[in-house]
Amino acid sequence: MRVNGTIQECIDNGYTIRAYCPNGHNKAIDLVALADRLGGDHSALRDALLPKLRCSKCGEKANAVIASPPSRADGWPERNR
Ligand SMILES: [Zn+2]
């Protein structure tokens, strides 16, 4: 089983992380840039990331992050079949 415990592991596994702010904005996080800033071994868990993320549109702190697995070539995650 692959883990996404750190930012670097999320990059290696091809995950994307999207951050949401309380005012309805959301943005895919540039994980490579985030790893540059925080270090690749920084925790990628929600509680560790939220305080580090601020909305680029309104300046609010993010209130949710959602990690998505890499999209498969045939378009659907395994569990939906
Ligand atoms: Zn916002």
Side-chain angles (χ1 to χ4, degrees):
M1 183 178 154
R2 293 192 294 186
V3 292
N4 296 299
T6 66
I7 295 169
Q8 186 60 50
E9 283 167 348
C10 288
I11 296 170
D12 291 345
N13 291 339
Y15 271 64
T16 54
I17 296 180
R18 187 166 283 271
Y20 293 79
C21 95
N23 295 317
H25 307 125
N26 68 86
K27 186 176 195 293
I29 299 169
D30 184 341
L31 289 176
V32 174
L34 194 66
D36 263 2
R37 189 154 63 94
L38 302 177
D41 59 354
H42 189 278
S43 170
L45 296 179
R46 175 184 186 280
D47 288 346
L49 285 184
L50 283 184
K52 308 288 185 187
L53 301 172
R54 195 173 280 276
C55 180
S56 58
K57 290 203 173 100
C58 66
E60 288 284 345
K61 281 206 172 109
N63 67 350
V65 289
I66 296 179
S68 306
S71 50
R72 297 168 61 90
D74 57 3
W76 294 100
E78 200 91 54
R79 65 179 180 275
N80 285 350
R81 285 192 241 189

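Every number for a ligand or one of its atoms is a count from 1 in the order of the listing. Here, residue 1 is the first one in the sequence, and each next residue gets the next number.
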- [ ] Could you name all protein N, O or S atoms found under 2.8 Å from the Zn ion (ligand 1)?
- [x] Cys21 SG, His25 ND1, Cys55 SG, Cys58 SG
Open item on the list: Nearest 0.5 Å, please: how far is CG in Asn26 from SG in Cys21?
Closed with: 8.5 Å
Task: Ser68 vs Tyr15 side-chain heavy atoms within contact, under 4.5 Å - done: no
TODO: Would you indicate whether the side-chain heavy atoms of Ser56 and Lys27 approach each other to under 4.5 Å?
DONE: yes
TODO: Please check if any side-chain donor atom of Gln8 sits under 3.5 Å from a side-chain acceptor atom of Asp12, or the reverse.
DONE: yes
Task: Residues clustered with Ile29, ILVMFWY side-chain links under 4.5 angstrom - done: Ile7, Ile11, Ile17, Leu31, Val32, Leu34, Leu38, Leu49, Leu50, Leu53, Val65
Open item on the list: Which heavy atom of Asn23 sits nearest to which heavy atom of Cys58, and what is that distance?
Closed with: ND2-SG, 3.3 Å
